[in-house]
Each structure stands twice: as C-alpha cells, then as structure tokens.
Amino acid sequence: MLYERLDSSREQASTRLAEALRERPGGRPQAHTERQATVTRYTRQLARYDAAEDGLCFGRLDFDDGEARYVGRLGILDEAADYAPLLVDWRAPAARPFYLATAASPEGVRRRRHIRTSRRRVTDLDDEVLDLGAVDGRPEHESLTGEARLLAALTAGRTGRMGDIVETIQAEQDQIIRADHSGVLVVQGGPGTGKTAVALHRAAYLLYTYREQLSKRGVLVIGPNATFLRYISHVLPALGETSVVLATVGDLFPGVRAARTEPRETAEIKGGPRMADLITAAVEDRQRVPTESVEIPFEGDVLLLDAATCEAAREKARDTRRPHNQARRVFVREIIDTLAQQYFDHLGADPYADDPLGGDDAGVSGGNLLGDEVLDDIRHELGQDIGVLAALDDLWPVLTPQWLLADLFADEDLLGSAAAAAGLRAAEWRLLLRPDPHGGRADDRMWTAADAPLLDEAAECLGEDDTAALAAAERRRRERIAYAQGVVDILTRDMDDDPDILMVSDLIDAERLAERHENDDDRSTAERAAADRTWAYGHVIVDEAQELSHMAWRMVMRRCPSRSMTLVGDVAQTGDLAGASSWDRVLGPHLAGRWRLERLTVNYRTPAEIMAVAAGVLAAIDPELELPRSVRETGTSPWQLAIEPNELATELAAVVASEAADLAEALGEGPDGGRLAVLVPAAMLADLHPAIAAAVPGATTAGDDPELETPVAVLTVRQSKGLEFDAVLVVDPDRIITESPRGLNDLYVALTRATRSLGVLHTSPLPEALGALKPRTAVAEPAAR
C-alpha cells in the first residue's frame with residue numbers, strides 16, 4: 001500500500017513536471033516565474049521520492065490502545081480513507097515516541113519495531129517490548145533506542161559519504177534536533193557523539209516544521225573544508241531537503257575562492273579581534289588630506305584645493321557615519337562646491353571677462369555678476385573634469401574589499417600605519433605582508449580562508465559604490481518599460497478605436513506592466529543566498545564551530561541577524577590557533593551570554609578500546625574535560641609500531657597494504673568495502689603518499705582537496721576533521737604534536753576517527769599520553785587476493 005501510494009505520487013509529480021517543462025510562458029505577467037517555481041517544486045519532490053525509495057518505512061509503533069503507526073522518511077496519506085496517515089514523516093510530532101519511548105517512560109507504546117529494507121524488500125526486523133514496567137538497570141545514557149539496528153549501522157563499512165541516522169536517532173540527539181529554532185543553541189559533544197548528523201537532521205527538521213518561514217530566507221550550513229562538505233552532501237537530499245546552502249568560511253564572501261594556504265601563525269593574527277581595528281584604520285588612511293595645496297588646472301585657470309578645505313569636507317563626510325564609498329558622495333559634493341565657488345568668484349570678479357561656459361548675466365548672486373545657473377553649470381563641468389576626478393580619487397578613492405586588502409598587505413608603509421592604530425606589534429603585522437603578484441589587480445584566487453572574514457569586514461566598512469548600479473538599474477527599468485510598451489501596442493494594434501471596448505491599455509500601462517517583472521528571479525533561494533553577501537538566513541548551522549576565529553564569527557553573525565543558530569563542536573578538538581578554548585570566551589563578544597548549551601555524552605562511533613587510549617591525550621589537554629562514553633567494544637586493541645626513520649616510507653606502505661587487505665576481507669570489495677585513513681604530519685604528506693600509492697595502486701588519494709571514494713586516504717589531521725573511517729593509521733604522533741601549539745588537540749582528533757581499529761607508527765619515542773598502546777612487533781603480509 002505504501003509503495004502504491006508512493007508510485008502514484010511520483011507519477012503525479014512526473015506528469016506535472018513534464019507539463020511545466022512543455023509550457024511556453026507568455027500572456028499574463030509572472031507566467032515565467034510561476035512555471036519555474038512549478039518545475040523546481042516537482043523536481044524536488046521527485047528527488048525526495050527517489051531518496052526515500054531505500055528505507056521508505058523503517059519503523060512501527062504499536063500502542064496500548066491497539067493503534068499501529070508506521071514511521072518513515074516522508075509522510076504518505078491514504079486518499080481512499082479520508083487522507084488517513086499511512087506513513088508518518090520522521091520529523092512529525094507523531095513520530096517522536098519512536099525515538100523517545102523507553103520502558104521507564106513508554107508514552108503509551110507497547111512495542112517498537114525497527115524495519116530494515118533493501119529497496120522494497122524487508123530484510124530484518126528488530127522488536128523492542130516497552131511494557132516491562134521498569135528499566136533494565138543500565139545507566140540512562142546507555143539505554144539505546146533500537147540497539148540492534150544502531151549497532152548494525154555502526155559496524156557497517158564506511159563508504160566515503162556520510163549517511164543519515166534517521167532510523168537510529170537516540171533520545172539525547174532527538175531532544176537537540178527538535179529544540180526550538182529561536183536563539184543560539186550550542187551543542188558540545190566529544191568525538192563520535194553524532195554532532196554533525198544531529199546538526200544536519202536539525203536542518204531538515206527545522207525546514208519541515210517552519211517551512212513557510214525558512215523557505216524564504218534559507219538555511220546555511222558551514223563546514224570546515226571542501227572535503228567535509230562533499231562527505232556530508234548526500235545527507236540532506238536523502239532527507240528530502242535540497243535548498244540548504246553548504247559552505248566553508250572561505251566560501252562566504254561571494255566571488256572569492258580561498259585557494260591559497262598560509263602559516264598558522266599568520267592565520268591566527270588574521271583571526272584576532274584587532275584586525276577589525278586594522279581594517280577600519282586602513283580605510284581611514286585612504287581618506288587623505290594633502291599636506292600642501294593641490295593645483296587643479298581647469299578651463300585655462302588653476303584652482304587651489306587646500307588642506308583646510310579637504311579636512312572640513314572629510315569631517316563632514318565622516319560625520320554621516322556612512323560606509324566609505326557612500327560617504328564619498330558627501331566629500332565629493334563638498335569639494336566640488338568649494339572649487340565651483342572659487343571659479344565662480346574668479347569669473348565674477350572681472351566684469352569684462354567672457355563667460356567660458358556660455359552663461360548669461362541673468363542675475364546677481366552674492367554680489368557676483370554671474371547667475372546661479374552658471375554656478376550649477378560650473379559644478380557639473382567640474383564633476384566631469386578628468387583632473388578634478390583624479391584629485392578626488394587620490395583624496396577619497398572608490399574602493400573594493402579586494403583592492404583595499406591587496407594594497408594593504410603589499411605595502412609596508414600602509415600596513416605599518418594601520419597596524420599601529422590597531423595595536424599590532426611589528427613582529428605581528430610583518431607576518432601579514434605579502435607581495436601583490438598581480439600589479440594592483442586583486443585576483444580572486446589570491447586569498448586564503450582567513451582572508452574571507454577580512455574581506456567581509458572591509459565590505460562592511462566600505463559599503464557599495466552604488467552610483468553605477470543605480471544608473472544600470474535605471475537603464476534596465478527603461479528597457480523593461482519600452483519592451484512592455486511594445487507588448488501593449490501589439491495587444492491593442494488590431495482593436496477598433498471604440499470607447500465601449502475594454503482594451504489592455506485600459507487595465508494596465510507599460511510602466512506598471514514592467515514593474516510586475518522587476519523582481520523576477522528564476523534562481524532558487526539557495527542560489528540567490530549564496531550569491532548575496534548581505535543575505536540574511538533564517539537559520540545558520542556551524543559544524544566544527546570551535547575552529548572559527550573572532551573575525552569569522554563576526555562574518556557569520558552578519559549572515560543571521562535574527563541569531564537563530566545551531567553551533568556544534570568540541571573545544572577539546574580545537575586545532576586552529578585562533579579557535580575556541582571555551583565557548584564563553586569565543587561567543588561572549590558576539591552574544592553576551594545569550595546562548596544555551598546542550599551536551600552529547602555518548603560516543604557511538606569510536607570503540608571503547610580506542611577511547612581508552614584517547615583518554616590519556618584528553619587528560620593532557622585539560623584534566624577537567626569529560627570523555628564521551630562509548631556504547632560498544634570490538635575486542636580489538638589499538639597498537640603501536642616503532643620504525644627506524646629511514647625505513648618509515650617502506651614500512652608504512654607495507655602496513656597500509658596489510659590493513660587495506662584486512663578491511664577488504666572483512667567488509668568485501670566495492671563501494672561498501674570500508675575506508676582506511678592514514679593521518680600524517682602536514683610536512684610529511686608529500687613524502688609519504690607516493691610510497692603508499694605504489695603499495696596500493698589506484699586505491700589512494702591525497703592533496704589539498706582529497707576525495708574519500710578510494711579505499712585509502714592519506715590526509716593531514718586538519719583534513720580529517722569531522723570525518724570517520726573504518727581503520728586509522730596515525731604516523732609520527734610526536735611530530736603531529738610539535739607541528740602546532742595545539743598539537744595535542746590535533747592528536748586527539750586523529751586518534752578518534754576510527755570505527756574499528758587504530759594503529760600508531762612512530763620514529764621517535766611515543767608521547768607519554770599514548771602509554772596505553774600495546775606494541776605490534778611485525779607487519780603482517782597482505783592477505784592473498
């Protein structure tokens with residue numbers, strides 16, 4: 001019955017989509033926009049039906065009163081039975097008992113059934129009887145919902161793509177997913193607690209519950225890097241949501257691709273709060289007052305622009321408190337008024353002087369023999385004069401964020417001046433210096449991820465120079481009116497000139513018809529939001545939020561003025577030097593305590609044996625940090641292997657080949673055959689990857705933007721953030737620690753990526769925090785294939 005209804009809905013959506021695609025918009029206004037909206041709606045419906053095909057129904061609730069309620073990926077109604085629900089959407093309030101009911105609090109549920117399917121075939125059932133009247137004595141956080149289904153999902157091989165957890169959401173996760181959307185919710189959770197999955201499912205839940213509100217403004221999900229975004233990209237479409245914007249911090253400034261890397265120390269300075277003052281000072285430094293009077297040739301005369309005039313004009317422009325490019329109009333007006341009056345007075349002082357502008361002595365203004373109309377003409381001519389414009393551009397130039405920062409970072413004098421105003425020491429601001437390889441032309445590929453918040457800050461200080469934009473908008477408006485007039489003329493061309501006949505021109509004129517199409521935009525909400533720096537999202541979700549710097553937070557807060565946000569992370573995993581050591585410290589300047597904290601305490605991913613090793617590193621980071629408790633043991637102990645430095649590449653390649661073969665034997669070949677990660681110090685990546693690639697031909701990936709579809713991925717620790725793998729090999733933990741002032745945090749991240757097994761290879765004595773590792777004496781030969 002469910003699949004019959006699904007097929008019927010899919011057929012209806014396909015028919016409507018085909019009709020919309022065949023339709024030729026025309027006639028009434030906005031027909032094209034309505035057609036595009038129809039195409040988008042039914043395309044998304046079909047995508048959702050396809051995503052729901054595998055795992056359409058995954059649960060059943062049997063209540064004490066005899067009611068049976070099925071739970072699935074989407075809601076389906078029975079049209080033949082007065083639209084009674086055949087299947088309840090997992091996000092609907094009626095589905096909550098599936099995730100929350102326990103033996104202690106059954107919520108009227110007698111039995112909960114977990115249904116496993118492969119496409120349209122049921123492969124397994126798992127029943128939980130909840131009318132026992134008492135709990136089983138286990139701690140509350142170990143009372144798992146659908147334990148068999150959950151453990152099956154946890155032990156399945158990784159695929160290089162994150163899957164949804166809609167079938168296995170646990171009670172503490174459900175509370176966060178369904179929390180009120182208003183305000184800022186911070187979710188603190190250790191490794192493997194499902195922070196990312198919870199955040200994505202929360203996005204789907206909010207879009208379902210507050211569809212009318214959020215569909216207009218959109219939801220933004222921010223992740224740590226492009227690899228991570230690819231890793232999670234399938235989750236929301238599988239949950240029926242395709243309109244969410246996925247971005248990194250480096251993507252949030254439209255038109256800029258943060259392609260370059262830079263030292264951590266430089267990124268730390270760029271992320272600090274003093275950079276806002278530095279950018280403000282850099283903008284003010286471009287609002288100049290000449291030390292000597294500027295001579296401007298004009299109409300055979302020489303006009304003098306003195307420092308006092310420029311100072312007065314600058315102060316008047318600054319007093320408007322408008323951004324630099326918008327305040328420039330005030331500065332320009334004041335300067336041109338002064339120059340015009342100067343030239344006007346000069347002409348009027350000689351009654352025999354010819355009028356070079358062709359003005360008539362139509363009146364006397366302030367004793368001058370020339371009229372006010374002449375003065376207006378002079379202003380106009382000055383505003384078009386090349387010499388005057390050049391002087392104005394030198395004193396108060398029109399700036400873009402890219403040009404401002406490119407010039408600033410390439411010019412030692414400019415940077416030193418702004419840095420002094422911001423309180424940066426010479427040793428700090430010199431780290432920001434970099435040559436401009438484009439000769440003053442800001443290239444949008446020259447930026448780093450830490451530059452994006454600075455560009456955004458500069459955009460706030462500069463504002464838009466909307467003079468050209470307004471002129472272009474007016475030109476487009478006139479073109480629309482002309483086109484609309486042509487349409488009206490065509491529709492009335494063959495009509496008799498009879499006053500009793502109602503014509504198109506009687507109902508609407510060309511200007512009103514053009515206005516109907518003024519805001520037509522075929523792009524989706526997500527597409528328009530991603531291209532607009534000033535877009536205000538309805539909700540923002542930040543994953544790995546502990547990594548954001550002060551300047552990045554300023555940028556993110558601008559994207560959501562309503563402060564409806566979900567921030568997930570773990571301060572114990574902070575790797576960026578400009579990142580968070582505590583939530584209060586990093587959020588205080590932006591939210592002043594107006595946020596609430598929830599915790600995820602159960603580790604679903606990492607086995608207890610691995611977490612016992614990671615516990616030593618966590619204690620070294622901060623003894624007060626709490627280790628999330630694992631729900632399972634695998635019986636496989638993590639190991640360590642000492643290797644001579646000159647043999648590292650060879651031995652590591654042999655270990656990788658052996659581990660990859662073991663995974664393939666345990667999980668099988670193909671896309672679901674499991675994933676092995678080799679996590680290495682950043683400085684060793686280029687040296688170690690070739691040997692591994694030779695040992696496992698065609699099965700490895702590495703680089704700045706690695707794919708996770710191959711069985712083996714060679715990554716730095718920073719690239720592995722937020723990811724999970726079946727097996728992990730950590731190389732030279734001592735060097736991982738020394739590569740960064742937060743090296744222990746990086747090591748903690750590396751140790752907690754595995755779902756099955758962990759090995760550590762080292763060329764120097766192990767850090768004391770890894771004392772729980774057991775030695776491995778030899779490298780097993782790869783299994784025969």
Original post:
Does the side chain of Leu252 reach to within under 4.5 Å of the side chain of Leu220, using non-hydrogen atoms?
Top reply: yes
Donor-acceptor pairs are to be reported for all side-chain atoms of residues 734-741 against protein atoms at under 3.5 Å, with residues two or more places apart or in another chain.
residue	atom	partner	partner atom	Å
Thr738	OG1	Asp734	O	3.3
Thr738	OG1	Arg735	O	3.1
Glu739	OE1	Ala682	N	3.1
Glu739	OE2	Ala682	N	3.0
Glu739	OE2	Ala683	N	2.9
Ser740	OG	Arg264	NH1	2.5
Ser740	OG	Arg742	N	3.0

Original post:
When the ring centroid of Phe98 is compared with that of Phe58, is the distance short of 6.0 Å?
Top reply: yes
Subject >> Beyond-backbone contact of Arg60 with Val71, side-chain heavy atoms, under 4.5 angstrom >> reply: no
Subject >> Euclidean distance, Arg161 CZ relative to Ile232 CD1, rounded to 0.5 Å >> reply: 10.5 Å
Original post:
Judged by modelled atom types alone, do Thr574 and Asn745 share a side-chain donor-acceptor pair under 3.5 Å?
Top reply: no
Original post:
Quick one: CZ on Arg605 to OG on Ser630, what's the gap to the nearest 0.5 Å?
Top reply: 10.0 Å
**OP:** Step through the shown structure and confirm whether more than 12 heavy atoms of other residues, nucleotides or ligands are within 6.0 Å of CD on Glu709.
**Re:** yes
Subject >> Side-chain donor or acceptor of Arg91 paired with backbone N/O of Arg178 under 3.5 Å >> reply: no
Original post:
Any ion pair linking Arg257 and Asp251 (charged N to carboxylate O, less than 4.0 Å)?
Top reply: no
Original post:
Can you list the steps and then say if Leu154 with Thr755 is a side-chain contact (heavy atoms from CB on, under 4.5 Å)?
Top reply: CA-CA 7 Å; Leu154 296 177; Thr755 65; over 6 Å; no
Subject >> Nearest-0.5 Å distance that lies between atom CG in Leu652 and atom NE2 in His689 >> reply: 11.0 Å
**OP:** Could you check if a side-chain atom of Asp126 sits within less than 4.5 angstrom of a side-chain atom of Arg113, using non-hydrogen atoms only?
**Re:** no
Original post:
Heavy-atom distance under 4.5 Å between the side chains of Ile176 and Leu600, does that happen here?
Top reply: yes
**OP:** Work out which heavy atom in Leu663 is nearest to a heavy atom in Gly674; give both atom names and the distance.
**Re:** CD1-C, 4.5 Å
Subject >> Minimum heavy-atom distance between Leu87 and Leu74, given as atom pair plus value >> reply: CD2-O, 3.3 Å
**OP:** Report the residues that fulfil side-chain contact (heavy atoms from CB on, under 4.5 Å) with Thr634, sequence neighbours left out, ordered by chain and then residue number.
**Re:** Pro607, Glu609, Arg632, Thr636
Original post:
Going by atom types alone, do Gln173 and His201 pair a side-chain donor with an acceptor below 3.5 Å?
Top reply: no
Original post:
How far apart are the C-alpha atoms of Arg73 and Asp164, what are their side-chain angles, what is the distance that settles it, and do they pass the salt bridge (Lys or Arg N to Asp or Glu O under 4.0 Å) test?
Top reply: CA-CA 11 Å; Arg73 293 180 179 275; Asp164 66 60; 2.7 Å; yes
**OP:** Would you tell me whether Gln188 and Asp570 have side-chain atoms, one donor and one acceptor, within less than 3.5 Å of each other?
**Re:** yes
Original post:
Going by atom types only, do Gln640 and His762 share a side-chain donor-acceptor pair under 3.5 Å?
Top reply: yes
Subject >> Straight-line distance of Ile541 CD1 to Leu200 CG, nearest 0.5 Å >> reply: 7.0 Å
Original post:
Are Val542 and Val568 side-chain neighbours, meaning at least one heavy-atom pair lies under 4.5 Å?
Top reply: no
Original post:
Could you give the distance from CG (Leu667) to OG1 (Thr159), rounded to the nearest 0.5 Å?
Top reply: 11.5 Å
**OP:** Look at the aromatic rings of Trp90 and Tyr99 and report parallel, tilted or perpendicular, splitting at 30° and 60°.
**Re:** perpendicular
Subject >> Side-chain ion pair, Arg756 and Glu659, N-O less than 4.0 Å >> reply: no
Original post:
Hey, is CG on Asp704 packed in by over 12 heavy atoms from elsewhere, all under 6.0 Å?
Top reply: no
**OP:** Evaluate side-chain contact (heavy atoms from CB on, under 4.5 Å) for Val221 paired with Asp543, printing each intermediate quantity in order.
**Re:** CA-CA 7 Å; Val221 177; Asp543 202 351; 5.6 Å; no
**OP:** Look at the side chain of Thr209 and the backbone N and O of Tyr205, then say whether any donor-acceptor pair between them is shorter than 3.5 Å.
**Re:** yes
**OP:** State whether the side chain of Gln719 and the backbone N or O of Gly703 hold a donor-acceptor pair below 3.5 Å, judged by distance alone.
**Re:** yes
Subject >> Main-chain N/O of Arg230 paired to Ser233 side chain as donor or acceptor, under 3.5 Å >> reply: yes
**OP:** Taking the side chain as every heavy atom from C-beta outward, state whether Pro775 and Leu641 have any atom pair closer than 4.5 Å.
**Re:** no
Original post:
Is there a donor-acceptor pair under 3.5 Å between the side chain of Arg753 and the backbone N or O of Glu724?
Top reply: no
Original post:
Do the side-chain N and O atoms of Asn225 and Thr248 include a donor-acceptor pair separated by under 3.5 angstrom?
Top reply: no
Subject >> Neighbour count >12 (heavy atoms, 6.0 Å) for atom CZ, Arg599 >> reply: no
**OP:** Kindly determine whether Asn603 and Thr193 satisfy side-chain hydrogen bond (donor to acceptor under 3.5 Å, both in side chains), including the steps that lead there.
**Re:** CA-CA 4 Å; Asn603 186 333; Thr193 54; over 6 Å; no
Original post:
Do the side chains of Pro191 and Tyr748 get nearer than 4.5 Å, heavy atoms only?
Top reply: yes
**OP:** Check for a donor-acceptor pair, side chain of Lys721 on one end and backbone N or O of Gln573 on the other, with a separation under 3.5 Å.
**Re:** yes
Original post:
Is any side-chain heavy atom of Arg675 less than 4.5 Å from a side-chain heavy atom of Leu708?
Top reply: no
Subject >> Side-chain (Glu172) to main-chain (Thr601) donor-acceptor, under 3.5 angstrom >> reply: yes
Original post:
Are the side chain of Ser549 and the backbone of Ala552 linked by a donor-acceptor contact shorter than 3.5 Å?
Top reply: yes
Original post:
Would you call Arg96 and Asp174 a salt bridge, taking side-chain N to carboxylate O under 4.0 Å as the test?
Top reply: yes
Subject >> Whether Asp726 side chain and Arg158 backbone form a donor-acceptor pair below 3.5 Å >> reply: yes
**OP:** Verify the distance criterion only: is there a donor paired with an acceptor across the side chains of Thr123 and Arg116 at less than 3.5 Å?
**Re:** no
Original post:
Could you go step by step and tell me if Arg260 and Thr448 meet the side-chain hydrogen bond (donor to acceptor under 3.5 Å, both in side chains) rule?
Top reply: CA-CA 5 Å; Arg260 295 181 60 226; Thr448 69; over 6 Å; no
Original post:
Would Trp583 and Val571 satisfy side-chain contact (heavy atoms from CB on, under 4.5 Å), going step by step from the backbone distance to the final call?
Top reply: CA-CA 8 Å; Trp583 293 117; Val571 292; 3.8 Å; yes
Original post:
Given Val730, which of Leu770, Val678, Leu761, Leu758 fulfils the side-chain contact (heavy atoms from CB on, under 4.5 Å) condition?
Top reply: Leu758
**OP:** List the steps, then state whether side-chain contact (heavy atoms from CB on, under 4.5 Å) holds for Tyr231 with Leu229.
**Re:** CA-CA 5 Å; Tyr231 177 65; Leu229 293 182; over 6 Å; no
Original post:
Which heavy atom in Leu239 sits nearest to a heavy atom in Ala204, and how many Å separate them?
Top reply: CD1-CB, 3.9 Å
Subject >> Distance (rounded to the nearest 0.5 Å) between Ile222 CD1 and Leu246 CG >> reply: 10.5 Å
Original post:
Between Arg121 (side chain) and Thr117 (backbone), is there a donor-acceptor pair under 3.5 Å?
Top reply: no
Original post:
Of all residues at least two apart in sequence or in a different chain, which pass the side-chain contact (heavy atoms from CB on, under 4.5 Å) check with Thr710?
Top reply: Thr701
